[in-house]
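Data first, discussion second: the structure below is written as structure tokens.
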Amino acid sequence: MNWKKLLCAGLSGALLAGAMAGCSTAEPQPTPAADDIAYQATGLSRDTVLFTVDGREVTADQYLYWLLTSISTAKSAGYLADDEAWEEEIEGQPTADYLKEQALEISKLYASVANHADEAGIVVTEDQRAEAEEQLDQMGAMYEAYYGLTTQEWLDQQCISREGYLGLNDAYYLVSGLEESLKESGELDPTDDDIRNMIDSEGIYSCKHILLAFPQHDDGSDPTDEEKAATKAEADALYAEITAAADPAAAFDAAMNEQSDDGRDETTGELYKPEGYTFLSTGAMVDGSGSLVTEFVTAGTELEVGQISQPVETDYGYHILLRQDADNEETRTAYTDYAMNQLLDQWTADAKVETTEAYDNLDPKAFYDFMMNMVLEWQEEQQAEAEAAASASPSAETESPAPETESPAAEPSASPAA
């Protein structure tokens, strides 16, 4: 599982994917540039300092991207359904304050990582920046193909400059460099207690299982009730045989290797996962390879270590589970990113923030309304251009009107370069 907290795009602080590093120290421009979308949206030039994080300046260019993300995420979660909703509270805070604080916390994290990267001498290389440039251009080409947006138009609709957006990608490399440096120094090496604390705090489980699959039909139809009952009877008999053995764990392994219908190598016939599955209580597997079905997770988390479950039905068939200790290779491999996550949390919690008057006076609703109106105006212009082109076409009378362009701008997102 990827424990790394990078590029948080949600209100709840989902796993990160980088750290913001580009922090301007320039004074606000007396006359903002014509392409300064931050100034158009808020009256603040993009290099206006909104707050500092342990002395590192965070500008409007960096912060407004995250504010737009926070607002869009809140709307996606069912908040801000109308103008009156802005007067309500989210988690006990006035809506505007809550959204500003969420965006500030993300920016605070990015600035904190940038500060620690400076202290450690970690920098973004020319090759890494070139890679980020190339991927931004590739993403721009995709948006142009699907939405008719140029890269600059897409960036404008996220309220961020090209350089500011690339700073997000710089952050990924900074975090990776910091983690590598800490690994080399041994600071991320776990003790047995560290592993146990991670298992307990994150809720990590590990189970082997025997799958007795339902019969599959060539026409794709579901197994019949009779077929399900026969599979259940087979599973019950196998469970009774295993639990009656002198060494149930050894009997379980033997039955698993001989009879389980779980995935097997076509050449050797060996199970792909004889060591079982290590997963979180959400069902996500620790190695990041996917998720387990709900019934499997529920049964597995209710077992004690060493305990064998009675047959559990899923859409695949009946499973017999054996819970084992989650201190294994997969969990220990995940520890490095987990420990880095803990450091990121601590750095952010310890960082000192000092806001400016510009930040205190910033109105999230007015900012968001401007951004949405800008998107609507752009869509109307695109539609008008499409209609004009259709009218000018010799076959206009027989052609259908061009469909309305749907912009992705209402849901800002950032993708790290790596």
Under 4.0 Å between a Lys/Arg side-chain N and an Asp/Glu carboxylate O for [X] and [Y]?
{"X": "Lys228", "Y": "Glu234", "answer": "no"}
{"X": "Asp192", "Y": "Arg332", "answer": "yes"}
{"X": "Asp83", "Y": "Lys365", "answer": "yes"}
{"X": "Arg264", "Y": "Glu266", "answer": "no"}
{"X": "Arg323", "Y": "Glu302", "answer": "no"}
{"X": "Lys208", "Y": "Asp262", "answer": "no"}
{"X": "Lys108", "Y": "Glu354", "answer": "no"}
{"X": "Arg46", "Y": "Asp35", "answer": "yes"}

Taking atom types as modelled and ignoring hydrogens, do the side chains of [X] and [Y] form a donor-acceptor contact shorter than 3.5 angstrom?
{"X": "Gln128", "Y": "Tyr172", "result": "no"}
{"X": "Ser112", "Y": "Asn115", "result": "no"}
{"X": "Asp36", "Y": "Ser45", "result": "no"}
{"X": "Thr314", "Y": "Glu295", "result": "no"}
{"X": "Asp350", "Y": "Gln346", "result": "yes"}
{"X": "Thr69", "Y": "Ser72", "result": "no"}
{"X": "Glu153", "Y": "Trp378", "result": "yes"}
{"X": "Asp127", "Y": "Thr125", "result": "no"}
{"X": "Thr59", "Y": "Gln62", "result": "yes"}
{"X": "Thr191", "Y": "Asp194", "result": "yes"}
{"X": "Asn328", "Y": "Thr278", "result": "yes"}
{"X": "Asn373", "Y": "Glu377", "result": "no"}
{"X": "Ser161", "Y": "Glu163", "result": "no"}

Among Asp345, Leu104, Thr348, side chain to side chain contact (heavy atoms under 4.5 Å, CB included) partner for Leu109: Thr348

Full working for side-chain hydrogen bond (donor to acceptor under 3.5 Å, both in side chains) between Gln383 and Glu387: CA-CA 6 Å; Gln383 180 66 17; Glu387 291 174 352; 3.0 Å; yes

Please indicate whether [X] has more than 12 foreign heavy atoms, meaning atoms of other residues, nucleotides or ligands, lying under 6.0 Å from its [atom1].
{"X": "Gln138", "atom1": "CD", "result": "yes"}
{"X": "Asp315", "atom1": "CG", "result": "no"}
{"X": "Glu357", "atom1": "CD", "result": "no"}
{"X": "Asp218", "atom1": "CG", "result": "no"}
{"X": "Tyr239", "atom1": "OH", "result": "yes"}

Hey, could you give me the [atom1]/[atom2] distance between [X] and [Y], rounded to the nearest 0.5 Å?
{"X": "Glu101", "Y": "Leu67", "atom1": "CD", "atom2": "CG", "value": "12.5 Å"}
{"X": "Ile320", "Y": "Cys207", "atom1": "CD1", "atom2": "SG", "value": "13.0 Å"}
{"X": "Leu212", "Y": "His209", "atom1": "CG", "atom2": "NE2", "value": "10.5 Å"}
{"X": "Glu187", "Y": "Met340", "atom1": "CD", "atom2": "CE", "value": "10.0 Å"}
{"X": "Leu136", "Y": "Thr151", "atom1": "CG", "atom2": "OG1", "value": "6.0 Å"}
{"X": "Leu80", "Y": "Leu99", "atom1": "CG", "atom2": "CG", "value": "6.0 Å"}

Using atom types as modelled and distance alone, determine if a side-chain donor or acceptor of [X] lies under 3.5 Å from a backbone N or O of [Y].
{"X": "Asp61", "Y": "Ile160", "value": "no"}
{"X": "Ser107", "Y": "Tyr63", "value": "no"}
{"X": "Asp54", "Y": "Lys352", "value": "yes"}
{"X": "Glu227", "Y": "Thr224", "value": "yes"}
{"X": "Asp97", "Y": "Gln93", "value": "no"}
{"X": "Ser260", "Y": "Asn257", "value": "no"}
{"X": "Ser70", "Y": "Gln102", "value": "no"}
{"X": "Gln324", "Y": "Glu275", "value": "yes"}

Exercise: identify the closest heavy-atom pair between [X] and [Y]:
{"X": "Val297", "Y": "Gly283", "answer": "CG2-CA, 3.5 Å"}
{"X": "Val53", "Y": "Ala111", "answer": "CB-CB, 3.7 Å"}
{"X": "Asp325", "Y": "Ser206", "answer": "O-CB, 4.0 Å"}
{"X": "Gln157", "Y": "Leu149", "answer": "NE2-CD2, 3.4 Å"}
{"X": "Ile37", "Y": "Asp156", "answer": "CG1-O, 3.6 Å"}
{"X": "Ser281", "Y": "Thr301", "answer": "CA-CG2, 4.5 Å"}

Val58 side chain near Leu50 side chain, heavy-atom distance below 4.5 Å: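 With C-beta onward as the side chain, the pair stays apart.
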
Test side-chain hydrogen bond (donor to acceptor under 3.5 Å, both in side chains) applied to Thr48 and Tyr359, step by step: CA-CA 9 Å; Thr48 299; Tyr359 172 84; over 6 Å; no

Plane angle bin for Tyr316 and His319 - parallel if under 30°, tilted between 30 and 60°, otherwise perpendicular: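 Answer is perpendicular, since the angle exceeds 60°.
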
Mutual orientation of the aromatic rings belonging to Phe214 and Tyr318 [parallel < 30°, tilted 30-60°, perpendicular > 60°]: perpendicular

Are [Y] and [X] an aromatic pair, judged by ring center distance below 6.0 Å?
{"X": "Tyr205", "Y": "Tyr277", "answer": "no"}
{"X": "Tyr79", "Y": "Trp86", "answer": "no"}
{"X": "Tyr147", "Y": "Trp154", "answer": "no"}

Worked verdict on Arg56 versus Glu119 for salt bridge (charged side-chain N to carboxylate O under 4.0 Å, His left out): CA-CA 13 Å; Arg56 178 175 289 268; Glu119 293 173 7; over 6 Å; no

Thr52/Val353 under side chain to side chain contact (heavy atoms under 4.5 Å, CB included): CA gap, chis, key distance, verdict: CA-CA 6 Å; Thr52 60; Val353 174; over 6 Å; no

